[in-house]
**Student:** 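Quick one: the structure is below, questions incoming.
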Amino acid sequence: MAELTYRAAVATGIAQEMERDETVVFLGEDVAAAGGVFKTTEGLLARFGPDRVRDTPISEQAIVGAAMGAAMTGLRPIAELMFSDFFAVAWDMVANQIAKTRYMTDGQVTLPLVLRTANGGGLRFGAQHSQSVESWAMAIPGLKVVAPSNPADVVGLMAAAIRDPDPVVFCESKALFAVKGEVPDGEHVEPLGKASVVRAGTDCTIVALAAMVPRSVEAAERLATDHGISAEVVDLRTLVPLDVATILGSVAKTSRLFTVEENPRLCGWGAEIASIVVDEGFWSLDAPIARITTPHIPLPAAAVLEDAAIPTADRIVATVRDRLEAAR
Amino acid sequence: MAELTYRAAVATGIAQEMERDETVVFLGEDVAAAGGVFKTTEGLLARFGPDRVRDTPISEQAIVGAAMGAAMTGLRPIAELMFSDFFAVAWDMVANQIAKTRYMTDGQVTLPLVLRTANGGGLRFGAQHSQSVESWAMAIPGLKVVAPSNPADVVGLMAAAIRDPDPVVFCESKALFAVKGEVPDGEHVEPLGKASVVRAGTDCTIVALAAMVPRSVEAAERLATDHGISAEVVDLRTLVPLDVATILGSVAKTSRLFTVEENPRLCGWGAEIASIVVDEGFWSLDAPIARITTPHIPLPAAAVLEDAAIPTADRIVATVRDRLEAAR
Amino acid sequence: MAPTRSAPARAVDIDLEVRLGIYRTMVECRLFEQRAQELFFEGLVRGTTHLGVGQEAVAAGFAAAMRDDDYTFATYRGHNHALARGTPMGPIYAELFGRASGLLGGKGGSMHITSVEHHMMGSYAIVGAHLPIALGAAWSAQYRKSGQVAVCFFGDGTTNIGAFHEALNMAAVWKAPVVFVCENNQYMEYTPIGAVTAVPRPAADRAAAYGLDPIVVDGNDPDEVFRIARSTITRARDGEGPSLIEALTYRHGGHSRADAGTYRPDDEVKAWLARDPVPGYRGRLAEAGATDDDLEAIDQAAQNAVKAAEDWARAAPEPDRAVLETQVWADGGSSWRSPRADG
Amino acid sequence: MAPTRSAPARAVDIDLEVRLGIYRTMVECRLFEQRAQELFFEGLVRGTTHLGVGQEAVAAGFAAAMRDDDYTFATYRGHNHALARGTPMGPIYAELFGRASGLLGGKGGSMHITSVEHHMMGSYAIVGAHLPIALGAAWSAQYRKSGQVAVCFFGDGTTNIGAFHEALNMAAVWKAPVVFVCENNQYMEYTPIGAVTAVPRPAADRAAAYGLDPIVVDGNDPDEVFRIARSTITRARDGEGPSLIEALTYRHGGHSRADAGTYRPDDEVKAWLARDPVPGYRGRLAEAGATDDDLEAIDQAAQNAVKAAEDWARAAPEPDRAVLETQVWADGGSSWRSPRADG
Ligand SMILES: Cc1ncc(C[n+]2csc(CCOP(=O)(O)OP(=O)(O)O)c2C)c(N)n1
Ligand SMILES: Cc1ncc(C[n+]2csc(CCOP(=O)(O)OP(=O)(O)O)c2C)c(N)n1
Ligand SMILES: [Mg+2]
Ligand SMILES: [Mg+2]
């Protein structure tokens, strides 16, 4: 077991796969010589050379489109969108081309590619550099969506994403780049589509993703110690495929569900999960489902405002406590 | 009362507003000389001249961006995206610029503009010309989202959208263009944010939008006559602002909710509504909420496949009947 | 206005065999498309269709100069290009009819004709999108050292969209083996290209912005098209990078479906119909020594092929609803849910 | 490499008053930005900051040639442009500090400096996005016959993104009164522009693609910048359409935040520092007859202004959490729910 930062785990995961598969290539803005603006890809150019690790112009449509063209002709490209907000600039390539081509060609074209991006807020970057866009991708049939919450998963899920035969949107949380964690030695691969119960509990289920996972775990600890509430925390890890079985299993046990979403409220992934549980898990619900999300606003830049916008452990504790006490 | 097609109502609504307000201008591809590829804007060029009705190059980013620049400097532009799928090409302008600028500038910049588009399927156009993107827009804070289900609403909601001080995404249903309906004489304006109960009922609530409304009404009629089920049908008309009160009010009465969505399943507007009702309306629910949507797939071109994909009156009838009988 | 026809004499640099092949392709495309239009009005072809009648020389001239494993990327107006690469007619008709044996199982439709087996890598229906994708295929060939070249066809109106600019610049910087071919048929949908473009030659006048030479060719002259295809593809294969070609041509019909193209001045239409590449080339080949029998045989064979393809497609069954949710993901299925632990 | 400095002699066509005003703006920008950098390292400026230290001549030269109601559109590297249009320093600092009295109430931050009152129509943080928006403002002025001109500033790296291409073409076709100014500071973030661009002059070599003249100006020469600003703005105001200008300049520091810009060769940095526009212009004005006292007074006043602005901003309160959800929509609120019937 080595201890790595979430940031370093990105390069580790990519390197592991480039090492074993010559068809894996990587392109993006300032990713090669500079090692990425978040320093997540440092060392890859030196190790794999300019044919496999390429700096591009500021041309997101060309970057993502080139990845698609390469994927349909025998390569496994990884393309970086520096900030996830920039998906909007290449959204046609992602939502209309990459996501739909396998279906439109009845399987003639396969697109094994990964679109990596720095996602989410917390860095005071303001509304155009802080969005959580995982739900945008979840809404598009044909895409897989991954958002790891810790360094080990960054490596393991990155490996799985690169090996996956389908296009994968891989969201790296800016807020977690500096976080350290143990990463298994040797080749590490985690399957896509498996949520993990990171904390067992009996009174309620808290479903979270990426940067919201550590906050939910902290909240769960405080709920236990300060309020005698036993919360189970589920780390979704991937939105597509979605591990519905684990969610329903947990709710069957706890009868209460909370989602913790960094995205603005409307049509976030938590809404989809609520709609699944209120259908398939309806009879096990003892109380309303509460979604804890960023309000339906663009993200503000000022520290006090951004901290008030994105769900915190405090807000999770307060919401869960109020809801459960109301029910008593 | 004049009878108009949904198609003709578009030009009628735009003309009504261009007549009363000189600052209303209109741009898009093939919209002026040709009157639009769906002939929804015929006659506007002749009536209002080339300064106000403009043909553009195939440059969606420039079209939407120009509308934004004009809106922040005193005009009320209407921009057409020929097919709603093309929102993806200009998504940065819509989601990152237009939606966020008022907030980012703390209200210094106001953007009274309308983005009109031909939305939805049913015409055998395939995966890149048939999408329902209203949920994409609903997920972006700062946008209003309108999708009329009949000619009168096309005129009334178009007028309201053009007069609204905020950016409005206005979705016109391709599948409804040929549908005729009565439109009130004289100036017609309908407020945004008011759903309408188009059919009263007591056994269940069916919430629908745009092209799914007539199908839901037909289904409700058949449920009544063939199965003795009294279904209330709510036409949302606008997703943002969302008329939560009318939805909760109906569910309080019927205790059962169905959504009928043309969009692919994941993160569609129905998921948001389900998540609201399972929270705020939980205690009035007697049964699981069922979402009737297009499966989570790109839309196929072949007639039999497209008809199997998009919710039909048959499917609505079958789903509602099965769910209610199961509950008996 | 139409460029002047090049002197047949020059054609000695192209084998008669090759030229007869080009003519065969053109006739096949023409008859296939003309019939497709009739079948659209008959209601058999559903949805939409964008015909390339009048533009066959570009597809045929290029295909004749391409290696079997070179890649073709086309637009919704892509039937000619699919046929020119050898895609069988029957499955294309079946796709237009929305049948189970359609090239895409009925899922794609007229605007997405693709036959990977023939290196016809797709027809793309969002203007401009396939230029970066073709660049990516070229980059892949470059990386794999396969010697393949990607040829990307698009229209005049496409030169005004952002993806065009990004793809041309990145292709030039990377010296990618891709040939960008603008089929300038003078119109976007209903709007003349000159009305919305800042330069007279939508593609050629942009070439210098990417360090490329301006190239304009008579797109109705199959020999000229073949020559420029041969030289630019060779250049790409030799690692000298991309080219941007503007081929002047004209669509005889409207933009799509039932559009009659009435927004076009009669004399303009007349002038171009007078330059119809199919009879024109036929005449030129006769002068060049092709016998009437040869040419007759080609015409007859094409007619028979189109008829046979139509019959085959008419007989094809409708898709089974069971395939509605297949091929969304690579496991062949559509499930966005991971399999339950209990299977 | 740096262009040669134009002869001071030519400057007789610009009043000394105007030139002193340009110098004042440059000094204010310089001192404001240098201090902002210190405050970033002090932790007072949060998030990020992109400084224009070294590029002041472009902002100052253009602002001096603009009419009060002409529009400015800038990037995240927009502080110079906001100051040059008269936006007060205090509220900008307060915005960088994330304070309630920030220009944007703390909601926008460093990358979105906007002051509609001063016709500073915004700083845009997605590369290329503001070019079409500036075109729209110009179209609006054209329609309203207001005589206003929009001036849109962006970087060299921006010339490779799609929105650049679409905006330039549509502006040219519409003869919109907009001046596009590429501040070519030789780098995108950390990548030299030459490494990712197909032509040596990222903007000027693209001008012909839009039927525009190639214009390159020494962006470190305030007089040259003023002259080209004056002529292109006049041209736009007279209805002769847009211009595209490439102003050669250099950022003295890194791209943003703590970036030290170490990816740049020392001699390149040295050469450009030797051409620092602020002391250079000061010297030229002295030669042109400005007294030491005049220049001293300007420097001193700028220093005092920066100090006063910092103190004012330091004293400003943090935003109240109550404003978190205001100004999402025009009613001042954030509600996506329509008001309940019962109010
Ligand atoms: C991004 C985008 N905008 C608009 C359209 C609608 N559209 C389809 S074809 C077409 C005209 C394209 O003109 P051109 O590039 O000249 O190709 P042609 O049809 O003449 O072959 C337009 C505007 C589209 N498919 N994609
Ligand atoms: C669409 C998009 N892609 C990438 C970025 C990240 N980014 C911010 S500034 C920058 C470099 C821009 O270079 P240039 O246009 O030369 O402007 P400069 O920073 O040099 O003033 C990049 C790549 C962005 N903000 N938007
Ligand atoms: Mg054309
Ligand atoms: Mg730069």
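Values below: every heavy atom of this structure, side chains too, minus hydrogens, waters and symmetry copies. Throughout, a chain's letter reflects where its sequence line sits, starting with A, and its residues are numbered from 1.
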**Student:** To the nearest 0.5 Å, tell me how far B:Phe86 CZ sits from B:Ile58 CD1.
**Tutor:** 9.5 Å
**Student:** Do you know which of B:Ala290, B:Pro295, B:Ala287 has the most heavy-atom pairs under 4.5 Å to chain A?
**Tutor:**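 Ranked by contacts with chain A, first place is B:Ala287.
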**Student:** Who wins among A:Ile140, A:Leu257, A:Val94 for the most heavy-atom pairs under 4.5 Å with chain B?
**Tutor:** A:Ile140
**Student:** What part of A:Pro300 is in contact with chain B, defined as an atom under 4.5 angstrom from a non-hydrogen atom: side chain, backbone, both or neither?
**Tutor:**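 When you check distances to chain B, atoms from both the backbone and side chain of A:Pro300 fall under 4.5 Å.
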**Student:** Measure distances from A:Leu299 to the heavy atoms of chain B and classify the residue's part below 4.5 Å as side chain, backbone, both or neither.
**Tutor:** backbone
**Student:** Using non-hydrogen atoms only, which part of B:Ile276 is less than 4.5 Å away from chain A: side chain, backbone, both, or neither?
**Tutor:**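 Both parts, backbone and side chain.
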**Student:** So, using side chain to side chain contact (heavy atoms under 4.5 Å, CB included) as the criterion, who are the partners of B:Val304 when residues are at least two apart?
**Tutor:** C:Glu318, C:Pro319
**Student:** Quick one, A:Val251 and A:Ile289 - any side-chain contact, counting heavy atoms below 4.5 Å?
**Tutor:** no
**Student:** Heavy atoms only, distances under 4.5 angstrom: which of A:Ala95, A:Cys267, A:Ala274 has the most pairs with chain B? Name it, please.
**Tutor:** A:Cys267
**Student:** In terms of heavy-atom pairs under 4.5 Å, which option from A:Leu239, A:Ile297, A:Leu242 contacts chain B the most?
**Tutor:** A:Ile297
**Student:** Tell me, side chain or backbone of A:Met138 under 4.5 Å from chain B's heavy atoms, or both, or neither?
**Tutor:**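 When you check distances to chain B, atoms from both the backbone and side chain of A:Met138 fall under 4.5 Å.
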**Student:** Chain B heavy atoms under 4.5 Å from A:Ile273: which part of the residue, side chain, backbone, both or neither?
**Tutor:** neither
**Student:** Kindly write out the residues that satisfy side chain to side chain contact (heavy atoms under 4.5 Å, CB included) with B:Ala79, not counting sequence neighbours, or none if the list is empty.
**Tutor:**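 Per chain and number, B:Ala79 pairs via side chain to side chain contact (heavy atoms under 4.5 Å, CB included) with B:Leu27, B:Ile63, B:Ala67, B:Leu115.
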**Student:** Would you name the heavy atoms of A:Ala127 and A:Pro298 that are closest together and state the gap between them?
**Tutor:** CB-CB, 3.9 Å
**Student:** Among A:Ala271, A:Ala90, A:Gly268, who wins on heavy-atom pairs under 4.5 Å with chain B?
**Tutor:** A:Ala271
**Student:** Check whether A:Val240 gets within reach of chain B through its side chain, its backbone, both or neither, counting any heavy atom under 4.5 Å.
**Tutor:**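 Side chain only.
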**Student:** State which residues pass side chain to side chain contact (heavy atoms under 4.5 Å, CB included) with B:Ala147; sequence neighbours excluded, sorted by chain then number.
**Tutor:**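 Side chain to side chain contact (heavy atoms under 4.5 Å, CB included) check on B:Ala147 returns B:Cys171, B:Leu209, B:Ala210.
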**Student:** With the side chain counted from C-beta on, respond yes when B:Ile316 and B:Ile206 share a heavy-atom pair under 4.5 Å apart, and no when they do not.
**Tutor:**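 Yes; the side chains approach each other to less than 4.5 Å.
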**Student:** Produce the donor-acceptor pair table for chain B versus chain A, cut-off under 3.5 Å.
**Tutor:**
{"from": "B:Asp85", "atom 1": "O", "to": "A:Asn96", "atom 2": "ND2", "distance (Å)": "3.0"}
{"from": "B:Ala88", "atom 1": "O", "to": "A:Asp92", "atom 2": "N", "distance (Å)": "3.4"}
{"from": "B:Asp92", "atom 1": "N", "to": "A:Ala88", "atom 2": "O", "distance (Å)": "3.4"}
{"from": "B:Asn96", "atom 1": "O", "to": "A:Gln128", "atom 2": "NE2", "distance (Å)": "2.9"}
{"from": "B:Asn96", "atom 1": "OD1", "to": "A:Gln131", "atom 2": "NE2", "distance (Å)": "2.7"}
{"from": "B:Asn96", "atom 1": "ND2", "to": "A:Asp85", "atom 2": "O", "distance (Å)": "3.0"}
{"from": "B:Gln97", "atom 1": "OE1", "to": "A:Gln128", "atom 2": "NE2", "distance (Å)": "2.9"}
{"from": "B:Lys100", "atom 1": "NZ", "to": "A:Gln131", "atom 2": "OE1", "distance (Å)": "2.9"}
{"from": "B:Gln128", "atom 1": "NE2", "to": "A:Asn96", "atom 2": "O", "distance (Å)": "2.9"}
{"from": "B:Gln128", "atom 1": "NE2", "to": "A:Gln97", "atom 2": "OE1", "distance (Å)": "2.9"}
{"from": "B:Gln131", "atom 1": "OE1", "to": "A:Lys100", "atom 2": "NZ", "distance (Å)": "2.9"}
{"from": "B:Gln131", "atom 1": "NE2", "to": "A:Asn96", "atom 2": "OD1", "distance (Å)": "2.7"}
{"from": "B:Met138", "atom 1": "O", "to": "A:His296", "atom 2": "NE2", "distance (Å)": "3.3"}
{"from": "B:Arg265", "atom 1": "NE", "to": "A:Glu272", "atom 2": "OE2", "distance (Å)": "2.6"}
{"from": "B:Arg265", "atom 1": "NH2", "to": "A:Glu272", "atom 2": "OE2", "distance (Å)": "3.2"}
{"from": "B:Arg265", "atom 1": "NH2", "to": "A:Ser275", "atom 2": "OG", "distance (Å)": "3.1"}
{"from": "B:Cys267", "atom 1": "N", "to": "A:Glu272", "atom 2": "OE1", "distance (Å)": "2.7"}
{"from": "B:Glu272", "atom 1": "OE1", "to": "A:Cys267", "atom 2": "N", "distance (Å)": "2.7"}
{"from": "B:Glu272", "atom 1": "OE1", "to": "A:Arg291", "atom 2": "NH1", "distance (Å)": "2.8"}
{"from": "B:Glu272", "atom 1": "OE2", "to": "A:Arg265", "atom 2": "NE", "distance (Å)": "2.6"}
{"from": "B:Glu272", "atom 1": "OE2", "to": "A:Arg265", "atom 2": "NH2", "distance (Å)": "3.2"}
{"from": "B:Glu272", "atom 1": "OE2", "to": "A:Arg291", "atom 2": "NH1", "distance (Å)": "3.2"}
{"from": "B:Ser275", "atom 1": "OG", "to": "A:Arg265", "atom 2": "NH2", "distance (Å)": "3.1"}
{"from": "B:Ser275", "atom 1": "OG", "to": "A:Arg291", "atom 2": "NH1", "distance (Å)": "3.1"}
{"from": "B:Val278", "atom 1": "O", "to": "A:Ile289", "atom 2": "N", "distance (Å)": "3.4"}
{"from": "B:Asp279", "atom 1": "OD1", "to": "A:Arg323", "atom 2": "NH1", "distance (Å)": "3.0"}
{"from": "B:Asp279", "atom 1": "OD1", "to": "A:Arg323", "atom 2": "NH2", "distance (Å)": "3.1"}
{"from": "B:Asp279", "atom 1": "OD2", "to": "A:Arg323", "atom 2": "NH2", "distance (Å)": "3.0"}
{"from": "B:Ile289", "atom 1": "N", "to": "A:Val278", "atom 2": "O", "distance (Å)": "3.4"}
{"from": "B:Arg291", "atom 1": "NH1", "to": "A:Glu272", "atom 2": "OE1", "distance (Å)": "2.8"}
{"from": "B:Arg291", "atom 1": "NH1", "to": "A:Glu272", "atom 2": "OE2", "distance (Å)": "3.2"}
{"from": "B:Arg291", "atom 1": "NH1", "to": "A:Ser275", "atom 2": "OG", "distance (Å)": "3.1"}
{"from": "B:His296", "atom 1": "NE2", "to": "A:Met138", "atom 2": "O", "distance (Å)": "3.3"}
{"from": "B:Arg323", "atom 1": "NH1", "to": "A:Asp279", "atom 2": "OD1", "distance (Å)": "3.0"}
{"from": "B:Arg323", "atom 1": "NH2", "to": "A:Asp279", "atom 2": "OD1", "distance (Å)": "3.1"}
{"from": "B:Arg323", "atom 1": "NH2", "to": "A:Asp279", "atom 2": "OD2", "distance (Å)": "3.0"}

